[in-house]
Asker: 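Next up is a structure, given as structure tokens.
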There are 4 protein chains.
Amino acid sequence: MQLYRLNADRVLELVEGPTPTPGRGQVLVRVKATSLNGRDMLIASGRYPFPPLPNLIQLSDAAGVIEAVGPDTTRFQVGDRVVNSFIPTWYGGPVRRLGQMYGTDIDGWLADYAVVDENVLVSMPEHLSFEEAATLPCAALTGWSAVAGVGPGDTVLVQGSGGVSLFALQLARTAGARVIATTSSEAKAERLRELGASDVVNYAETPDWGSVVRKLTDDRGVDIVVEVGGAATIPQSVEALALHGTISLVGHLGGAGQGMDLMPLSLRFATLRAVGVGSRSDLEEMNRVIARHRVRPVIDRVFPFSEALQAFEHFAHGSRFGKVVISH
Amino acid sequence: MQLYRLNADRVLELVEGPTPTPGRGQVLVRVKATSLNGRDMLIASGRYPFPPLPNLIQLSDAAGVIEAVGPDTTRFQVGDRVVNSFIPTWYGGPVRRLGQMYGTDIDGWLADYAVVDENVLVSMPEHLSFEEAATLPCAALTGWSAVAGVGPGDTVLVQGSGGVSLFALQLARTAGARVIATTSSEAKAERLRELGASDVVNYAETPDWGSVVRKLTDDRGVDIVVEVGGAATIPQSVEALALHGTISLVGHLGGAGQGMDLMPLSLRFATLRAVGVGSRSDLEEMNRVIARHRVRPVIDRVFPFSEALQAFEHFAHGSRFGKVVISH
Amino acid sequence: MQLYRLNADRVLELVEGPTPTPGRGQVLVRVKATSLNGRDMLIASGRYPFPPLPNLIQLSDAAGVIEAVGPDTTRFQVGDRVVNSFIPTWYGGPVRRLGQMYGTDIDGWLADYAVVDENVLVSMPEHLSFEEAATLPCAALTGWSAVAGVGPGDTVLVQGSGGVSLFALQLARTAGARVIATTSSEAKAERLRELGASDVVNYAETPDWGSVVRKLTDDRGVDIVVEVGGAATIPQSVEALALHGTISLVGHLGGAGQGMDLMPLSLRFATLRAVGVGSRSDLEEMNRVIARHRVRPVIDRVFPFSEALQAFEHFAHGSRFGKVVISH
Amino acid sequence: MQLYRLNADRVLELVEGPTPTPGRGQVLVRVKATSLNGRDMLIASGRYPFPPLPNLIQLSDAAGVIEAVGPDTTRFQVGDRVVNSFIPTWYGGPVRRLGQMYGTDIDGWLADYAVVDENVLVSMPEHLSFEEAATLPCAALTGWSAVAGVGPGDTVLVQGSGGVSLFALQLARTAGARVIATTSSEAKAERLRELGASDVVNYAETPDWGSVVRKLTDDRGVDIVVEVGGAATIPQSVEALALHGTISLVGHLGGAGQGMDLMPLSLRFATLRAVGVGSRSDLEEMNRVIARHRVRPVIDRVFPFSEALQAFEHFAHGSRFGKVVISH
């Protein structure tokens, strides 16, 4: 089979390897699609905080079909369509140790096939294509966890049009919440409204968008901010926040090293919560909602397997609206 | 009656005033003790973020006895011993607007008597003196909220020996949690151990106390940090924290303006929660626990009513172990 | 003013009384509409478990307009449109004592005017008429509490077309939940579908409706049953329930005295929760949702104030779809 | 190796079998102790609601030592001391399907050795003997779940001296809760007090023990009842319960078929929750607490492996105080 591994010189190289065979409790997955996340860029560029082992297959998110099952498997049958859980050994409950992660400690999914323990997989929602389903393990689940517990009386603020932000928007809408979005382009604003945003604020034209958002809520403030900008945008996010509101921290696009003033947070009795993707149990609950509400992941662009390097390039430099996917 | 008000020149002056009479739904409280908090220092020094009205009676926390009741009161009888709730109109449930606060919007408690709506009061635990009970409305309830939900499998880290830290220590112990404390003096360390700390780390001698605390938990990390240092100490607090742990932010002794790096927070999937004291319902639940477990508030020093200015002075400049109280 | 009181012979009599004047912290409400609940029938018929005081004004639920305010009121102004909280002194947090209740311990709302503490009132949703708003204090809030925490992945089962069931249906829908309803008539089934039920099962034609409902959920079962039948219908409700599901017990139409077998409950790891209406804080949260999602209470029939006795008669004997309201 | 299986005639027979070898992801456990539960009696006597497969090894709870590991195991090493999780595939989060259970669908633990997926095991608390640890999977975890979330302000009522009741008592005490116990003998009362009960009520001498317990709480009522009697004792349990309190249903000693009146439950706004043991994640959290607080399981009697039948006999007929254990 063909696979991409990141060699010791940090070059992503396409090589041939033997197709593995599933052992007890394992399944053979024909990988049909993978998707890219910011973490993959950090790994490939050597900026990931935990240095990866060399020569590992890259990418943490995949959808595929069960092609063979080993002895003693009970969760899946040949032909089942599946996606993987992002943190392989976190099944549910509180997690106290992350264990081995795809692309840094163990092989990931950018290959024709993968053999994995059946416990790392869940069924994918039936209405989705493999390309759509490949976006679920990290970005969708992070968006889901970022708005966990949101309800029909709540207001959520999402920033920009990256994968997590769009999923947070769509999933908050399934729970009846109102969603306000920020963006820098009118074209994107229109698409955000189509996805269910009640209001869109142009942060480029409105540097003090925090107080503008606050006014849109009759001065009550929003209950949850899905924060992708990090320290650079948090001051405006806090301004937009309701008393006792929560900032779900999912990214640091604006630079994490930059300092942040804590006093405004204190005056709002606010919570800043770093979102940790989620467990397999969370993934199953999210998939139920995605299936029932016919949520369709927003895909920015699909690259063929042979053009995986271009997909990385596009993710790193392009202006995106949604997820970047590789079709295997 | 005698009362202290903060005049327009920010001088705390002792004056005479008429003893008020309770109207419908009100009670007359003979104030027996008050306690000081950091907020009182900010108000008196003009550094409070919301400018106070002039000539208001100061201090937000009191204990006293019901001396008369107005018509239609149902909660108390003459002779009942009571403490006040810190946020007068927050009875329970989520709060969305703080309303008027003692010492900045409405008269506080540094007076011989006060007439208040009976709804702002709760019964004080029977085993406490008025001096002890006067420490409950802000410091104790903040400590309670900072460790809310803690259980017998959890570990809590408290910093120093201010009022909130000591209450957090004592209240976490009633729930069976392990408590680790930091301090800069061996004498204080001994007292912290007597209050129930299993371990005390000297942060003056051990600048990297975060990793020392982590080692004390077999590298799992603590579940909750009661953070009084703010941006200056948070890096060590995050180091001490378990995956998915919480930093309860209750103070900014180290300076709030200083920036804080968010990346370590993200890597721990941590939550930073600014604690907002608590509601009347929270105060009642805490008082039940204090009464049952015979918790005794730690008092640093008691000043007579006539020496209220010295009490402010001592709080602002002294090295304390516990609360500063004024006996009326 | 005119008012209806229940005299010592349990006759509801229309009498004249003085219009009261608001004292400190009180408001005068011009009552515009009231609604009836099962509890009112029990009181009027002498079957209420706690014997009422004689000669009290009846009914616990009202909507009206503030006509005058006493000294020291801060929550409302003349002209504000309000509804009352069902349990007058339960503001939020856990309740440990119910206190005095309308119609049994203190005067209720079936009168031209009422003077009450401003704390027992909340603003009514702007898009509602007084007749619609008068249904909120007990029936709507009970429906809200019965489906509390429901989300977009959950399925709720509601029984019949009483006030609580219809509110539970409508409010669960605002949170994105799927709702299955039972009824005994095709005409009502059609209206239940219009209100958002995905499926309606005729319990008269299908005595084993529990397993039919289960099949509608692909054998997973429903997450919440809003139980109005009590012991008589619980066996079917348990059959319909998912593992770890909840039965929200709101009524005993089928007879409470009848015994119930607990074993099926155990085998489902089920929870049976007797819903206790809710606090003022809950009422405010619900009203936010009703306002935002433009929920319209379903009214079966409106009677003029002069025909209050006929309203009681209709409630006690009629086949209803929604709430019975009296317009003042 | 030797093992006990329940044959098609429902006879528990001691037979020889081959010692299994661990495959990928599996471990070989040298079983050192097992414990008995009410469920085992139901299975052996043919009263279990789901008919068991014939010839399965019996018992669901064991402690042992890892004697060999198969390929790809990561959780344990040879020599590790472990206990099993009661529901093998429930790792954490909500459970929606129970899967295969020990003794009815798959082989249990009453044998010299067992080969299992490493995921069904957790480390046992270090201070315990194997006999003590063998009581954890079902009885201790049920007691833990029955008092889940209990805190230092709560009061718990436990009934009698069976395994679950004693664990609930001990574990509630680690969380600072007050515990009241019922029993029928003064000798047992003394032992219950030694385990931490503040008060013990003799239900044989005091048939209306519900109101007696209520008085012990100053008429507030208890927050949680750990109910082992079922329908027969629930009326007294409800009488003892606080408003909004919870009855954790763990048994039906008094007969499940007997009917139960729901009205008292409604008037208390009570919750009746059928406890479903717990997940592997719950077991790990509980073990942390047991280890830290040095909780020692109460063992009624230990039988050698050769006398397993006598252990069943003793459990079925004896008057016990704590758990019945088999030492392998």
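Residue numbering restarts at 1 for every chain, and letters A, B, ... go by the order of the sequence lines.
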Asker: Tabulate, with distances rounded to 0.1 Å, every donor-acceptor pair spanning chain C and chain B at under 3.5 Å.
Answerer:
| unit_1 | atom_1 | unit_2 | atom_2 | d |
| --- | --- | --- | --- | --- |
| Arg24(B) | O | Arg24(C) | NH1 | 2.7 |
| Arg24(B) | NH1 | Arg24(C) | O | 2.7 |
| Arg24(B) | NH2 | Asp117(C) | OD2 | 3.1 |
| Asp117(B) | OD2 | Arg24(C) | NH2 | 3.1 |

Asker: With a 4.5 angstrom heavy-atom cut-off, which part of Pro71(C) approaches chain B: side chain, backbone, both or neither?
Answerer: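 Neither part.
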Asker: Who pairs with Ala63(C) by side-chain contact (heavy atoms from CB on, under 4.5 Å), at least two apart in sequence or on another chain?
Answerer: Val83(C), Met124(C), Phe130(C), Ala133(C), Ala134(C)
